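What follows is a short report on a single structure.
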Amino acid sequence: MNQQELESALATLNLSAIHYFDSVGSTNDEALDWARKGARDLSLVVADEQTMGRGRLDRPWFTPPRTALAFSLILRPTYAEKPLLSRTVGLAALAVADVLQTLGLDPLIKWPNDILLNGRKVAGILIEATWFEDEAQSIVIGVGINIAKGSVPSTDILGFPATSLEHILGYVPDRNVILHAALANIIALRPHMGTDSFMSAWQKKLAYYGRQVRVEMGGEKSVSGKVIGLESDGSLKLRDDDGKIIAVRFGDVRLRLFA
Ligand code: ATP
Ligand code: BTN
């Protein structure tokens, strides 16, 4: 992977600019910084290795060299997109899931931000924003995908089982091809974020749909119920044992199948 190779692999996408790093702390940090300095819509940061890759709530995300995909795409939301920004995680999740599906795989979205293959985490998404007062000026879509076996961290530091595309496919797919397809899907799906068909496509790919789950909410708090879908803002909808509907908002929440 290098700047020139990336530029030619992604040429047909008409991105505004690409910043490639052999090694960087976090592509999301670079993208947030670049956005604050005026990066245009569809500017892209890619790294071969991250030394401080982040998941939600600053949990570490491992991206060893040559084994994974780590990228962050900057969007400048239009006026029409601003009310839909809570759906961005769905946009990224569906885009990545669709790529895996074209490889013949059966991905599911572990709400809110992970992609599972055979019940194991193969990719994670981190959406962040730059703000002016209370308005988002830019959205950063950060995506990490485990490509080769070496990208999968050892089990003792994982809170949830992980896998890679190589584990499942039996070969290492071309990172540039996967990156191109994921970006093309994000770009193609973006105009449909406000539609009901977008929400039903997202809902259809939810892991644990119709199953009893437990949502751990920071500290000791948790709720449990059956997954029955998504609210229009992308919150997870559960029905508890008393029949009450609970909307779980994005935040400090972790989803687990009820044991
Ligand atoms: P969980 O994954 O336990 O449900 P979570 O969804 O809250 O928790 P995230 O914030 O989505 O976790 O992801 C960060 C976690 O992912 C880290 O705490 C680490 O356990 C795990 N992780 C880090 N790097 C990778 C990787 N390359 N592949 C899979 N999992 C990873
Ligand atoms: C998660 O599962 O919590 C999300 C992981 C997101 C990882 C990607 S890798 C590219 C981008 N840069 C980061 O530091 N994080 C995201």
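Here the structure is a predicted model, which is why all the values come from computation and not from measurement. Here, residue 1 is the first one in the sequence, and each next residue gets the next number. In listed order, ligands and their atoms are each counted from 1.
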**Request:** Please determine if R54 has a nitrogen or oxygen closer than 3.5 Å to a nitrogen or oxygen of ligand 2.
**Result:** yes
**Asked** Can you check whether D233's main-chain N or O pairs, donor with acceptor, with S86's side chain at less than 3.5 Å?
**Response** yes
**Message:** Strictly under 4.0 angstrom, heavy-atom based: which residues surround ligand 1?
**Reply:** R56, R59, P60, W61, F62, K110, N113, D114, K121, N146, S151, P153, I157, L158, G159, F160, A162, R254, R256
**Message:** Could you check whether atom OH of Y171 has more than 12 heavy atoms from other residues, nucleotides or ligands sitting under 6.0 Å from it?
**Reply:** yes
**Fill in**
For G53, the atoms of ligand 2 under 4.0 Å from one of its heavy atoms are 14 (O)
**Prompt:** Counting only heavy atoms not in R256, do more than 12 fall under 6.0 Å of its CZ?
**Reply:** yes
**Prompt:** Please state which protein non-hydrogen atom is closest to atom 10 (C) of ligand 2 and give its distance, to 0.1 Å?
**Reply:** T27 OG1, 3.2 Å
**Request:** Tell me which part of V143 gets within contact of ligand 2: side chain, backbone, both or neither, using heavy atoms under 4.0 Å.
**Result:** backbone
**Prompt:** Which of the numbered atoms in ligand 2 are below 4.0 angstrom from a heavy atom of F71?
**Reply:** 10 (C)
**Asked** So, Q203 side chain and Y209 main chain: donor-acceptor pair closer than 3.5 Å or not?
**Response** no
**Message:** Minimum distance, heavy atoms only, to atom 4 (C) of ligand 2: which one of I141, L69, I125 is it?
**Reply:** I125
**Asked** Do other residues, nucleotides or ligands put more than 12 heavy atoms under 6.0 Å from R211 CZ?
**Response** no
**Request:** Flag yes if more than 12 heavy atoms outside N2 fall under 6.0 Å of its CG atom; otherwise flag no.
**Result:** yes
**Message:** Would you say NZ of K82 has more than 12 non-hydrogen atoms from neighbouring residues, nucleotides or ligands within 6.0 angstrom?
**Reply:** yes
**Request:** Below 4.0 angstrom from a heavy atom of G124, which ligand 2 atoms are there? Numbered from 1 as shown, please.
**Result:** 2 (O), 4 (C), 5 (C), 6 (C)
**Message:** Check this for me, if you would: do D114 and R56 make a salt bridge, where the nitrogen-to-carboxylate-oxygen distance has to be below 4.0 angstrom?
**Reply:** no
**Message:** Just to confirm my output: which protein heavy-atom neighbour is closest to atom 12 (N) of ligand 2, and how far is it?
**Reply:** Q50 OE1, 2.9 Å
**Message:** Suppose we measure from atom 1 (C) of ligand 2 to each protein heavy atom; which comes out shortest, and what is that distance?
**Reply:** N113 ND2, 3.2 Å
**Message:** If we only consider heavy atoms of R56, is any one of them less than 4.0 Å away from an atom in ligand 2?
**Reply:** yes
**Request:** Kindly check if the number of other-residue, nucleotide or ligand heavy atoms within 6.0 Å of NZ (K226) is above 12?
**Result:** no
**Item:** Closest protein heavy atom (residue, atom, distance) for atom 2 (O) of ligand 2
**Value:** D114 OD1, 2.8 Å
**Distance, nearest 0.5 Å, that separates CD1 of I186 from CG of L44** = 9.0 Å
**Asked** Which atoms of ligand 2 are found less than 4.0 Å from any heavy atom of G55?
**Response** 1 (C), 3 (O), 4 (C), 5 (C)
**Request:** For ligand 2, note which part of T63 has a heavy atom under 4.0 Å away: side chain, backbone, both or neither.
**Result:** neither
**Message:** Between W111 and G234 (side chain of the first, backbone of the second, donor and acceptor by atom type, cut-off under 3.5 Å), is there such a pair?
**Reply:** yes
**Item:** Shortest non-hydrogen contact between A92 and I141, atoms and distance
**Value:** CB-CG2, 3.6 Å
